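We name chains A, B, ... by the order of the sequence lines, and we start the count at 1 in each one. Everything quoted here is computed from the prediction, not taken from an experiment.
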There are 2 protein chains.
Amino acid sequence: MLTCGAMVEPVRTSARGRPVATSHAAIEQAAFTLFTERGFASTTLDDIARATGVGRRTLFRYFESKNDIPWGRFDLTLAGFRELLAGQPRDLPLHEAVHRAVVAFNRFPGDARPSHRDRMRLILTTPELEAHSVLRYADWRAVIAEYVAERTGTAPGDLRPQLVAHVSLALAMTAYEAWLSDADAELEDLLDRSMAALRDHLGAASS
Amino acid sequence: MLTCGAMVEPVRTSARGRPVATSHAAIEQAAFTLFTERGFASTTLDDIARATGVGRRTLFRYFESKNDIPWGRFDLTLAGFRELLAGQPRDLPLHEAVHRAVVAFNRFPGDARPSHRDRMRLILTTPELEAHSVLRYADWRAVIAEYVAERTGTAPGDLRPQLVAHVSLALAMTAYEAWLSDADAELEDLLDRSMAALRDHLGAASS
DNA sequence: ACACTAATGGCACTCGTGGTCAAAAAGGAA
DNA sequence: TTCCTTTTTGACCACGAGTGCCATTAGTGT
């Protein structure tokens with residue numbers, strides 16, 4: 001669902017003016033520590049500001065809202081997702097291409113696995129975040145819809161692109177939830193198994 | 001996605017004590033008028049309280065939050081959904097049974113169509129509401145998961161029930177969004193077409 | 001030293017939300 | 001009628017998220 005944000009700060013255009021006092025990554029880490037200690041709701045923005053050593057007002061220049069903090073720089077990772085889709089072989093069936101890109105998008109280096117899991121657990125088990133996340137998911141879906149539209153010669157808003165986007169998200173969510181509840185399962189396998197379960201459910205041919 | 005709330009107030013057990021000053025339906029209607037006039041965000045709870053003629057504090061005894069107002073008494077309609085599922089012939093393939101129940105759940109008497117559409121338009125085009133709605137969707141999904149679990153002899157939390165629930169929601173969302181953007185389309189047709197598009201996408205047999 | 005620039009952070013304000021509690025408005029019993 | 005019980009109401013208060021405004025700060029370039 002998300003790559004860690006790559007932790008790259010968007011290079012300042014000129015070196016003029018007052019230097020920045022913090023970074024997205026710094027805020028994110030300080031906040032995440034507090035969230036796991038006291039819980040998301042009982043951590044105030046004042047707490048996060050104090051922990052980061054920055055004014056409360058400044059936090060809002062890095063993140064649009066408290067709910068956006070756990071997602072990090074998700075927007076940056078969507079560019080990568082777009083590339084993954086574009087890089088799929090054109091002769092692959094559409095559903096296969098989308099599925100492979102989704103799987104690739106959620107492949108993480110082994111050492112990043114634990115933190116990714118913690119992050120997703122926070123997001124998927126905190127009601128406020130669960131709700132807020134649909135806005136991120138919408139961006140993610142848009143990337144898929146665009147790709148499907150391009151390959152089928154339709155508009156992104158048409159039924160087929162939207163359908164594929166929504167269903168792909170449904171598969172990913174199913175896999176993620178299973179991943180969180182089953183300690184030693186591979187996310188990649190779960191994505192495949194979700195897809196297989198869907199085909200099976202609809203009584204589809206083996207592909 | 002939702003039936004209008006049936007507008008039934010939960011009968012008071014005894015006629016003692018101070019009588020109620022308003023009802024869910026009254027608040028809902030007053031609020032909806034304001035929402036369409038000034039927009040959701042710029043309508044404050046004070047506005048709604050004033051329009052309904054009750055204290056602001058009282059609103060919270062009828063709805064958990066401002067975001068809950070447009071959904072009305074959705075919880076009550078889920079009971080109906082559960083019955084629709086239970087009423088499907090047992091010899092129907094599972095995917096067919098679920099699909100028919102979803103279609104039936106979203107069938108509305110002709111005269112309720114416009115208001116239902118206005119309500120869904122508000123919910124699906126207001127970011128705050130779009131986000132908040134996932135909590136309602138989760139309840140809706142749980143109903144499906146339970147049914148699938150019961151028919152397949154699994155637990156509601158298992159992969160198959162969760163998968164079917166998520167995908168069913170994806171289909172419904174796709175249909176609803178298409179319904180809102182296409183003035184003269186039937187929701188029922190769109191649900192069928194979404195399902196057909198999914199089967200087609202996966203290269204499934206004709207059923 | 002001086003101007004310029006960009007980020008910071010304090011202040012004040014609105015609004016949603018929740019806790020507490022006295023007052024209001026009914027019915028029933030003496 | 002009068003008092004008691006019951007239940008809802010609504011006022012008051014507190015807290016936290018989010019936002020607009022603006023003086024301050026800390027750099028760079030001349």
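Comparing C:dT5, D:dG18, D:dA26 against the side chain of A:R18 picks out D:dA26 as the nearest. Comparing D:dA17, C:dC11, C:dT17 against the side chain of B:R56 picks out C:dT17 as the nearest.
Comment: A:K66 does not engage A:E28 in a salt bridge, judged by the lack of any side-chain N to carboxylate O separation of less than 4.0 angstrom.
In this structure, B:T44 does not reach the C:dC15 phosphate: none of its side-chain N or O atoms is under 4.0 Å from OP1 or OP2. Between B:Y62 and D:dT9 there is a side-chain N or O to OP1 or OP2 distance below 4.0 Å. Between C:dG9 and A:T58, a contact under 4.0 Å exists linking OP1 or OP2 to a side-chain N or O.
Rounding to whole angstrom units, CD of residue A:E64 and C1' of D:dA17 are separated by 14 Å. With rounding to whole Å, B:I27 atom CD1 is found 9 Å from D:dT9 atom P. What separates CG of A:D68 from P of D:dG18 is a distance of 8 Å, to the nearest Å. B:F63 places its CZ atom 15 Å from the P atom of C:dG16, with the value rounded to the nearest Å. In this entry the distance linking CZ of A:F60 with C1' of C:dA7 reads 17 Å, nearest Å. The separation between B:D46 atom CG and C:dC15 atom P is 8 Å, rounded to whole Å. With rounding to whole Å, B:E128 atom CD is found 14 Å from C:dC15 atom P. The CZ-C1' distance, from A:R16 to D:dG29, rounds to 6 Å in whole Å.
Counting atom types as modelled, A:R57 pairs no side-chain N or O with a base atom of C:dT8 as donor and acceptor under 3.5 Å.
The residue among B:R61 and B:S65 whose nearest nucleotide of DNA chain C lies closer to the 5′ end is B:S65.
No hydrogens or angles considered: a donor-acceptor pair under 3.5 Å links the side chains of A:Y147 and A:R151.
Tested against B:R38, the residues B:D47, B:T43, B:T44 include a single side-chain hydrogen bond (donor to acceptor under 3.5 Å, both in side chains) partner, B:D47.
Within the 4.0 angstrom heavy-atom criterion, only backbone atoms of the sugar-phosphate kind lie near A:T43; the bases stay farther away.
To the nearest 0.5 Å, atom CG of residue B:D75 and atom CG of residue B:D139 are 8.5 Å apart.
Distance alone, capped at 3.5 Å, is enough to place a donor-acceptor pair between the B:H24 side chain and the B:Y62 backbone.
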